Amino acid sequence: MMMEDLHVTDKPSDIGYYSGAVDSIFAVCQLFTVLQWGRLSDRIGRKPVLLFGLTGVALSTSLFGLSRSLIWAICARSLAGALSGNAAVVQSMISEITDETNQGQAFPLTGLAWSLGCIFGPMIGGNFVDPAKRFPTTIGTIPVFANNPYLLPCVVSASLTMCSITFGIFFLKETLPSKIAVNEKSAHRLSFGRENEKLPQKQVSIKYILASPIIKSVFKNYFLLSALGTSTDVVFILMAYTPVRLGGLSRTPEEIGYALAFSGMAGGIIQVLIFPVLQRKYKNIPLYRALMSLWPLIFALLPFINIIARMTLPAEALLDDDLRFPASPLVWMSIGVVLSVFRMASMSYSLNVILIKNAAPSQEALGSTFGLSQSVACIARAASPAFVSSIFAVSKKYQILGGNFVWLAMFGIGLLALWSTYQVVDGAEERERMKEERNMF
């Protein structure tokens, strides 16, 4: 892991502190900019903001690969967060080109994209890291890659991002209605102008959006959902890399990468094939509660993987943290089960986006609503890595509850998130109910 190679600490149990700090800084910086990127996209269009954000991703990823110190790594991740407003913009674009008849098929595509990233990202990282050792006669002979072991996977990732930018320049169409009207010089241009006069963009304030009780209920739950999702990503990697003796699995970066790739593949299939069927068959709120109930289960299952690893590894592996033995099939099966449940639970993200769209006070407030939702998520993503990494490190270092305190704490947060779903209201259903009540009178 990078934090270990940067020699930020000599204690393996403290690696989690620093990993959490680097993970958190992205969301901290994104918190202060994501809403402004969303508002900017309301003025100049979705496409330019999205392409600029992707450019920021490519630049910051390359800089991150050049990290030779903790400070450099933090600065690179800070830049990435500050330039990242893509999530709110993409959600706004999907909302503008879909309605209730096809949103169940469209929104999971963002989850599919994320899942593909989870497939190829770990594979790129695990297979291209430290080229001086992996490719000693080819790429590893190039000084810049030999001296910066994490640069090559970052360059590969940045190159893929540049391909996305090129594709977007030529094929991505603008979805902001007012920009479409201007670009096409259509007869509807004046009509859009008159609509905007009814509720100018500057009148869609933060206070106006947050005045909605439905928005508040969805945002509160989204905060907990984001915290759970981010924490699971972070704590699984920490657990997988940590020695078995300290409650981990003693897996190599390559093995962790392939495990996450499997998880991403399963997530993509679930998002595209299973979620649309469930979303059509069940109402949003009951389905949402069922999916959220899977999060506590994840943290209840994770410590059992370590128990299985202890039972199946040779005794010498428990005495020497540097020894790496192949994991038994039972361990890999257990990892597969937990990661599959994780991807099932992650369907709650797609459903939450639909609930946020339905909760928007008006069509004119849609972009700002998604910007606010991402701000809420940023707070959770900023705090969660440091929080869960610290609890993990403290639990293992001081053997609180046998090193299992981290799982108890996260299980409790999962239960809290499940409880909060009983305060969530579907805005679309609420509007239908109010309409029916008015018709009765």
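What you see below is based on every heavy atom in this structure, not just the backbone, and it leaves out hydrogens, waters and symmetry mates. None of the values given here were measured: they were computed from a predicted structure.
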Original post:
In terms of the angle between their ring planes, are Trp295 and Phe342 parallel, tilted or perpendicular, with boundaries placed at 30° and 60°?
Top reply: perpendicular

**OP:** Side-chain contact test, heavy atoms from C-beta onward, threshold under 4.5 Å: evaluate it for Leu418 versus Leu224 and give yes or no.
**Re:** no

**OP:** Verify, without hydrogens or angle tests, whether Arg46 (side chain) and Leu176 (backbone) share a donor-acceptor contact under 3.5 angstrom.
**Re:** no

Original post:
Roughly how far apart are Asn147 CG and Ile142 CD1, rounded to 0.5 Å?
Top reply: 11.5 Å

Original post:
Could you state the interatomic distance from OG1 (Thr55) to CD1 (Ile165), rounded to the nearest 0.5 Å?
Top reply: 3.5 Å

Subject >> Point-to-point distance, once rounded to the nearest 0.5 Å, from CG of Asn358 to CD1 of Ile214 >> reply: 9.5 Å

Original post:
Taking atom CG of Leu294 and atom CG of Leu301, what is their separation to the nearest 0.5 Å?
Top reply: 10.0 Å

Subject >> 4.5 Å side-chain heavy-atom contact, Phe26 and Ser84 >> reply: yes

Original post:
Is there a side-chain contact (heavy atoms from CB on, under 4.5 Å) between Thr61 and Thr161 once you walk through the steps?
Top reply: CA-CA 10 Å; Thr61 300; Thr161 303; 5.7 Å; no

Subject >> Pairwise side-chain contact, Tyr150 with Arg68, heavy-atom cut-off 4.5 Å (strictly under) >> reply: no

Original post:
Which heavy atom of Gly85 sits nearest a heavy atom of Val34, and at what distance?
Top reply: CA-CG2, 4.2 Å

Original post:
Distance-only, no hydrogens or angles: does the Ser334 side chain make a donor-acceptor pair with backbone N or O of Ile305 under 3.5 Å?
Top reply: no

Subject >> Taking every non-hydrogen atom, the tightest pair across Leu66 and Asn148 >> reply: O-OD1, 3.6 Å

**OP:** Would you check if Val234 and Ser384 make a side-chain contact, meaning some heavy-atom pair closer than 4.5 Å?
**Re:** no

**OP:** Work out which heavy atom in Gln423 is nearest to a heavy atom in Ser217; give both atom names and the distance.
**Re:** O-CB, 3.2 Å

**OP:** For Ser350 and Phe107, work out which heavy atoms get closest and say how close.
**Re:** OG-O, 4.0 Å

**OP:** Check for a donor-acceptor pair, side chain of Ser78 on one end and backbone N or O of Ile74 on the other, with a separation under 3.5 Å.
**Re:** yes

Original post:
Where is the tightest heavy-atom contact between Ser346 and Gln271, given as atom of each residue plus distance?
Top reply: O-NE2, 3.4 Å

Original post:
Side chains of Val424 and Lys220: closer than 4.5 Å at any heavy-atom pair?
Top reply: no

Original post:
Is a side-chain donor-acceptor pair under 3.5 Å present for Gln91 with Thr110?
Top reply: no

Original post:
Taking side chain as C-beta onward, heavy atoms only, is Phe167 less than 4.5 Å from Ser164?
Top reply: no

Original post:
Without hydrogens or angle criteria, can the side chains of Arg381 and Ser226 be said to hold a donor-acceptor pair below 3.5 Å?
Top reply: no

Subject >> Donor-acceptor pair, side chain of Ser157 and main chain of Cys154, under 3.5 angstrom >> reply: no

**OP:** Give a yes or no answer on whether the side chain of Glu174 reaches the backbone of Lys47 with a donor-acceptor pair at less than 3.5 Å.
**Re:** yes

Subject >> Donor-acceptor pair, side chain of Trp37 and main chain of Gly371, under 3.5 angstrom >> reply: no

Subject >> Ring centres under 6.0 angstrom apart (Phe64, Trp72) >> reply: no

**OP:** Please answer whether the main-chain N or O of Val155 pairs with a side-chain N or O of Ser159 as donor and acceptor at a distance below 3.5 Å.
**Re:** yes

Original post:
Parallel under 30°, tilted from 30 to 60°, perpendicular over 60°: which one fits the rings of Phe128 and Phe135?
Top reply: tilted

Original post:
Just by distance, do the side chain of Ser41 and the backbone of Gly38 share a donor-acceptor pair under 3.5 Å?
Top reply: yes

Subject >> Sub-4.5 Å side-chain heavy-atom contact between Met265 and Arg343 >> reply: no

Original post:
If you round to the nearest 0.5 Å, how far is OG1 of Thr242 from CD1 of Ile237?
Top reply: 11.0 Å

**OP:** Before giving the answer on side-chain contact (heavy atoms from CB on, under 4.5 Å), spell out for Trp419 and Leu415 the whole-Å C-alpha distance, their side-chain angles and the decisive distance to 0.1 Å.
**Re:** CA-CA 6 Å; Trp419 173 81; Leu415 289 180; over 6 Å; no

**OP:** For side chain to side chain donor-acceptor pair (under 3.5 Å), just list the numbers for Asn221 and Thr421, CA-CA rounded to whole Å, side-chain angles, deciding distance to a tenth of an Å, and then say yes or no.
**Re:** CA-CA 7 Å; Asn221 183 264; Thr421 61; 5.4 Å; no

Subject >> Any donor-acceptor N or O pair under 3.5 Å, side chains Asn284, Glu429 >> reply: no

Original post:
Would Leu40 and Phe52 satisfy side-chain contact (heavy atoms from CB on, under 4.5 Å), going step by step from the backbone distance to the final call?
Top reply: CA-CA 12 Å; Leu40 180 63; Phe52 185 84; over 6 Å; no

Subject >> Pair Leu249-Glu255, side-chain contact (heavy atoms from CB on, under 4.5 Å): steps then yes or no >> reply: CA-CA 11 Å; Leu249 302 177; Glu255 291 174 321; over 6 Å; no

**OP:** Using modelled atom types only, decide if a donor and an acceptor are shared between the side chain of Thr230 and the backbone of Ala227 within a distance under 3.5 Å.
**Re:** no

Subject >> Short side-chain donor-acceptor distance under 3.5 Å, Lys357 and Gln103 >> reply: yes

**OP:** Is it possible for you to check whether Lys396 lies under 6.0 Å from the centre of the six-membered ring of Phe392, through NZ or CZ, and within 45° of that ring's axis?
**Re:** yes

Original post:
With a 4.5 Å limit on heavy-atom distance, are the side chains of Arg134 and Val129 in contact?
Top reply: yes

Original post:
Just one of Leu339, Val337, Val338 clears the side-chain contact (heavy atoms from CB on, under 4.5 Å) bar with Ile335, so which one?
Top reply: Leu339

Original post:
In terms of heavy-atom contacts, does OH of Tyr258 have more than 12 from other residues, nucleotides or ligands at under 6.0 Å?
Top reply: no

Original post:
To the nearest 0.5 Å, what is the distance between OG (Ser373) and CD1 (Ile215)?
Top reply: 8.0 Å

Original post:
Looking at Tyr241, does the NZ or CZ of Arg251 lie under 6.0 angstrom from its six-membered ring centre and within 45 degrees of the ring axis?
Top reply: no

**OP:** Looking only at non-hydrogen atoms, find the nearest pair between Thr98 and Ala106 and report the distance.
**Re:** CG2-CB, 3.5 Å

